[in-house]
Amino acid sequence: MKQGGQSFGSHLRSLREAKARTDPAFSLRQLAQRCGVTPPYLSRLERDEVAPPSEEVLRLLAAELGEDTDVMLALGGKISTDLRAAILARPKLFAELIRSLKDVPDHAVLRLVRDVADGDW
Amino acid sequence: MPTLENNALVFRFLEIDPEARFSIDFQRTLRIPDSERDYPLPPGFGRFPLRHVEDYAALPAHTRRRGGVILPLWQAEALWLNFGGGWGGDLPVAVKVAAGKINAVTGETWTAPLNRNPQDYVVWPEQPWLDGFAIEPGVIRQFVAMPLGEGYSVEEQLTEDAEWGGLQISVTPMRREAWERLKTSHSVGLMEEVAFSMSSCASAEMGLGAGGRMRQSIESDPYTLEDWDQRATQRVFVTLWHASRWRALTGEPVPTEPPSAEDYARAGLPWFQHYGRGAEPLHGSDRLAGVKSVGTLHSEKTETSFPGSHDVATPEPVRLGPGAKGPREIKHGLDW
């Protein structure tokens with residue numbers, strides 16, 4: 001999947017390399033180890049030679065690299081378990097809602113996001 | 001008002017900068033020993049869950065009236081506030097934090113406006129996180145949850161009442177004109193660097209008491225009071241709910257208990273120290289300095305020592321902040 005012209009692999013690589021410039025803990029080997037994958041596999045992911053990994057690995061990568069989890073999952077062509085459950089509970093309604101919102105500007109979509117209610121304190 | 005996204009409170013100020021975004025999540029952590037020693041910063045163990053109060057009809061009426069969010073934690077569990085930005089630049093914000101409506105920086109009762117003398121708020125991105133009550137220059141006492149009504153919370157000690165508990169937070173953005181000026185000045189480079197570096201009880205309601213001593217400076221506001229747009233302030237009440245009652249309320253699994261400082265130290269894992277820009281830290285609150293710690297109160301009440309009070313060995317802390325790169329470590333999963 002591509003976003004802003006960047007593939008999943010190149011996005012992953014640019015995030016990791018930016019961190020690695022100042023922190024050796026973000027070498028291919030060390031990051032792979034922390035995310036429970038092998039360095040060659042991570043390298044192939046970065047070169048888009050294999051399909052994006054599981055939701056679990058995407059979440060670990062997002063946490064390690066400081067990327068938003070939903071963005072990382074979307075780039076990896078996945079939908080998080082909680083979102084999938086929400087859609088499956090009311091598939092027709094949510095499919096319609098997402099289609100109707102796909103071209104709506106961000107600020108208008110944000111008006112639909114539920115606020116944290118403030119009360120009397 | 002803020003939104004709730006991936007267990008973080010997200011504040012947007014579309015009228016000031018449509019791209020700006022500030023978030024607060026609440027990090028699980030270990031409780032440092034409640035002794036006279038000053039500890040470095042412990043890591044985070046991931047975000048506490050947050051849920052909308054209005055979704056749970058079983059909550060007491062007074063909790064529902066306050067609105068906001070609910071967060072589960074265990075008795076004597078510690079937490080820290082993790083501040084973050086992201087997306088289109090780092091619009092500075094002034095963040096007021098109170099526990100039981102006692103300001104965590106000044107020890108005074110909550111008031112809505114920002115005050116400068118003494119400063120009763122922290123400024124992000126200068127302040128990347130907050131772990132406790134400011135008691136001395138460069139020293140805080142860790143936020144530690146205890147059941148409300150048992151006399152442990154700072155609120156109960158200072159007001160002799162257990163009315164509020166929880167955490168109260170307000171976030172005030174910089175005025176648009178001041179933000180425009182700042183963006184065009186070279187100090188934005190510095191700010192980006194800072195942002196990168198950040199990288200069995202009677203009551204289910206919890207209040208925050210004062211735990212062990214930790215080295216953390218509260219940085220003074222580098223801007224003027226007029227730079228803050230107080231008409232755009234957003235606020236939220238965070239109710240702290242005993243983790244043992246979480247499943248009954250929400251139907252969700254009970255959160256696991258965090259490791260002890262002893263377990264963590266035995267595993268030889270890192271501690272942290274933040275190095276700011278060398279700005280003068282705030283003095284800390286004499287009122288808060290006079291508060292008894294949770295461990296001291298426990299000893300007085302029960303004549304037994306508080307669990308986890310023994311000092312632990314800590315290695316040289318990892319340096320973080322403008323003078324040293326790298327985010328404060330957040331370990332996901334507690335199965336190490």
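Values reported hereafter were calculated over all heavy atoms of this structure, with side chains retained and with hydrogens, waters and symmetry mates removed. Residue numbering restarts at 1 for every chain, and letters A, B, ... go by the order of the sequence lines.
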Identify every side-chain donor-acceptor pair in residues 95-105 of chain A under 3.5 Å, counting partners at least two apart or on other chains, and give the distances.
{"unit_1": "S100(A)", "atom_1": "OG", "unit_2": "E96(A)", "atom_2": "O", "d": "3.3"}
{"unit_1": "S100(A)", "atom_1": "OG", "unit_2": "L97(A)", "atom_2": "O", "d": "2.8"}

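- Counting all heavy atoms, side chain and backbone alike, H52(B) lies closest to D115(A) at CE1-O, 3.7 Å.
- At least one side-chain heavy atom of D70(A) sits under 4.5 Å from a side-chain heavy atom of N6(B).
- Within the 4.5 Å cutoff, side-chain heavy atoms of R235(B) are placed close to those of D118(A).
- Only the side chain of L14(B) has a heavy atom closer than 4.5 Å to any heavy atom of chain A.
- Neither the backbone nor the side chain of P18(B) comes within contact range of chain A; no heavy atoms are under 4.5 Å apart.
- Between atom OG1 of residue T239(B) and atom CH2 of residue W121(A) there is a gap of 10.5 Å, rounded to the nearest 0.5 Å.
- Within 6.0 Å of CD1 in I79(A) there are 12 or fewer heavy atoms belonging to other residues, nucleotides or ligands.
- The CD atom of E5(B) sits 11.5 Å away from atom OG1 of T69(A), with the distance rounded to the nearest 0.5 Å.
- Atoms CZ and CG, from R64(B) and D120(A) in turn, are 14.5 Å apart once rounded to the nearest 0.5 Å.
- For a heavy-atom cut-off of 4.5 Å, chain B lies close to no residue in residues 27-34 of chain A.
- Looking at L9(B) and V116(A), their side chains come closer than 4.5 Å, going by heavy atoms from C-beta outward.
- Classification of D55(B) and R114(A) as a salt-bridged pair holds, one side-chain N sitting under 4.0 Å from a carboxylate O.
- Enclosure of atom CD in E17(A) by more than 12 non-hydrogen atoms of other residues, nucleotides or ligands within 6.0 angstrom is indicated.
- Other residues, nucleotides and ligands place more than 12 heavy atoms under 6.0 Å from the CZ atom of R47(A).
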